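Being a predicted model, the structure only gives us computed values, none of them experimental. Remember, it's 1-based here, ligands and their atoms both numbered in the order they're listed.
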Amino acid sequence: MDAPLLPREAGKFISDNSKDVFILEKGVCKVAEMLFEKRNSKELDATGWKLLHDLNPQTMNEASVNWVFVVDTLNFSFWSENDDHKCLIKYKGKMHSGFWSLCAAINRALDEGIPITSASYFANTTLDQLKYVLRSDTEVPMPLIEERLKVLKEAGNILLEKFDGSFLNCIKKSENSAQKLLQLVVENFPSYRDETIFQGKKVAFYKRAQILVADIWGLLEGKEDGAFHDIASLTIFADYRIPQVLVHLGAMKYSEKLMEKLKQGVLFQSGDCEEVEIRGCSIWCVELILRRILELGAEKGCINAHINSVLIDYFLWDYARDHRKDMADIPIHRVRCIYY
Ligand SMILES: Nc1nc2c(c(CN[C@H]3C=C[C@H](O)[C@@H]3O)cn2[C@@H]2O[C@H](COP(=O)(O)O)[C@@H](O)[C@H]2O)c(=O)[nH]1
């Protein structure tokens, strides 16, 4: 089959043909104005990736690059059926949930002398070793542990065979292009091929591949090997938090039928039309928010060309984290998959 629509075009196509998810222009403008006011803050700057998140590696070196690769290879499906019973991981005296529980587990393992971010180790990890590394401090384990083992070992063996065991070698082949690195990741690492069919067209979200490129950009602060001249070509990373916060902020809305299913906690399959519409409309909604931010800049004579969908994503994702209680009335869509 021919090449898929890439995330931005996929988002537009899905939004143009969506039946249960809608983008609200007034909400798009309101979110754009909120972000425009923060255009000079650390929250909308590449350095925020380290400055705002102490679990992220703070040193720009090869070990940190491989830390990002391992974390983004495992960066999926942290939600629990019951929010009162979920995997929590304690690290340096603080309890972490969701994505941050993964980072806490990786850092805890490294502190214990387990070389979990070295390809020669994680390519040959056993199920028991990975269960130990990702062990929860509650009775609820991290979801999809067997799938995590499979994708981690697969990625480790490919990294050893094709990139001499280091993701930095893959980055160097990208010649400072985010799109080239994205393609290298998707072509070489099968678990990153986040693609599906929507109304007869093949569409790609590439959520983990895009966030991997973005996190490398953040780690390296957009400098040297991380100086991607086309970083603005990436879209948001279509996960289950961004849609929730876009609906909460009034930029997107669900049909009554879909909202009812979400409230009932219906388990969707990766590729279901409602799931694809939620992910695709989220992408296109943020593209419209970005477009409005740039219009505001032009209208007010202040160019903020540095703002892109990656920084908007990071801001919205962190906003969702900080406003979890305020968003309690907006359910996430539930899918168990290795893509997000
Ligand atoms: N769109 C988007 N999705 C993101 C992230 C991140 C972590 N990125 C941080 C790391 C460095 C940067 O500083 C970011 O702050 C995880 N996820 C996704 O969210 C879900 C987990 O949610 P919860 O259960 O609440 O932890 C799951 O699908 C996971 O894949 C992001 O940034 N954007």
- Taking atom 32 (O) of ligand 1 as the point of reference, which of Tyr314, Tyr339, Phe315 owns the nearest heavy atom? Tyr314
- Do Ser64 side-chain atoms and Thr59 backbone N/O form a donor-acceptor pair below 3.5 Å? yes
- Of all the heavy atoms in Ile236, does at least one lie under 4.0 Å from an atom in ligand 1? no
Exercise answer: donor-acceptor pairs, residues 183-191 side-chain atoms, under 3.5 Å, sequence neighbours excluded:
| unit_1 | atom_1 | unit_2 | atom_2 | d |
| --- | --- | --- | --- | --- |
| Asn188 | OD1 | Lys162 | NZ | 3.0 |
| Asn188 | ND2 | Leu184 | O | 2.8 |
| Ser191 | OG | Arg208 | NH2 | 3.0 |

- Side-chain H-bond candidate by donor/acceptor type, Trp284 with Asp16, under 3.5 Å: no
- Task: Hey, can you tell me if Trp67 and Trp49 have their rings parallel, tilted or perpendicular (30° and 60° cut-offs)?
- Result: perpendicular
- Just go through Phe76, Trp317, Trp100, Phe78 and tell me whose heavy atom is the nearest to atom 6 (C) of ligand 1. Trp317
- Under-4.0 Å salt bridge between Glu33 and Lys30: no
Distance-only donor-acceptor hits, side chain of residues 321-333, under 3.5 Å, sequence neighbours excluded:
| unit_1 | atom_1 | unit_2 | atom_2 | d |
| --- | --- | --- | --- | --- |
| Arg321 | NH2 | Ser97 | O | 3.2 |
| His323 | ND1 | Tyr319 | O | 2.8 |
| His333 | NE2 | Tyr340 | OH | 2.9 |

- Message: Just checking Arg336: does its CZ atom have more than 12 heavy atoms from other residues, nucleotides or ligands closer to it than 6.0 angstrom?
- Response: yes
- Note on the structure: If you scan protein heavy atoms around atom 15 (O) of ligand 1, the nearest is Asp318 OD1, 3.1 Å
- Give a yes or no on whether the backbone of Val140 and the side-chain of Ser136 come within a donor-acceptor separation of less than 3.5 Å. yes
- Interfacing atoms of ligand 1 (cut-off 4.0 Å, heavy-atom, Lys207): 3 (N), 17 (N), 18 (C), 29 (C), 30 (O)
- Atom indices of ligand 1 within 4.0 angstrom of Phe237 heavy atoms, with elements: 1 (N), 2 (C), 33 (N)
- Task: Sort out for me which residue in Tyr192, Phe237, Phe205 forms a side chain to side chain contact (heavy atoms under 4.5 Å, CB included) with Gln210.
- Result: Phe237
- Note on the structure: When distances are taken from atom 21 (C) of ligand 1, the protein heavy atom at minimum range is Tyr240 OH, 3.4 Å
- Shortest protein heavy-atom distance from atom 33 (N) of ligand 1, along with the residue and atom involved: Asp313 OD1, 2.6 Å
- re atom 13 (O) of ligand 1, the protein heavy-atom contact at minimum distance is His53 CD2, 2.8 Å
- Item | Top protein contact for atom 9 (C) of ligand 1, by heavy-atom distance | Phe99 CE2, 3.9 Å
- Atom indices of ligand 1 within 4.0 angstrom of Asn56 heavy atoms, with elements: 11 (C), 13 (O)
- Query: Who's the nearest protein heavy-atom neighbour of atom 11 (C) of ligand 1, and how far?
  - Reply: Trp49 NE1, 3.1 Å
- Message: Arg324 versus ligand 1: do any nitrogen or oxygen atoms come within less than 3.5 Å of each other?
- Response: yes
- Task: Please determine if Lys261 and Asp272 form a salt bridge, counting it only when a charged side-chain N lies under 4.0 Å from a carboxylate O.
- Result: no
- Note on the structure: For atom 25 (O) of ligand 1, the closest protein heavy atom turns out to be Arg241 NE, 2.6 Å
- Donor on one side chain, acceptor on other, Thr47 and Asp45, under 3.5 Å: yes
- Query: Just distances here: any N/O of Trp79 and N/O of ligand 1 closer than 3.5 Å?
  - Reply: no
- Query: Are Ile289 and Met34 grouped together when hydrophobic residues (ILVMFWY) are joined by side-chain heavy atoms under 4.5 angstrom apart?
  - Reply: yes
- Note on the structure: Near Ile242 (heavy-atom distance under 4.0 Å), the atoms of ligand 1 are 1 (N)
- Considering heavy atoms of the protein only, find what lies nearest to atom 29 (C) of ligand 1 and give residue, atom and distance to 0.1 Å. Asn75 OD1, 3.0 Å
- For ligand 1, which atoms, with element, lie under 4.0 Å from some heavy atom of Gly98? 24 (O), 26 (O)
- Note on the structure: Contact region, Leu52 to ligand 1, non-hydrogen atoms below 4.0 Å, reads neither
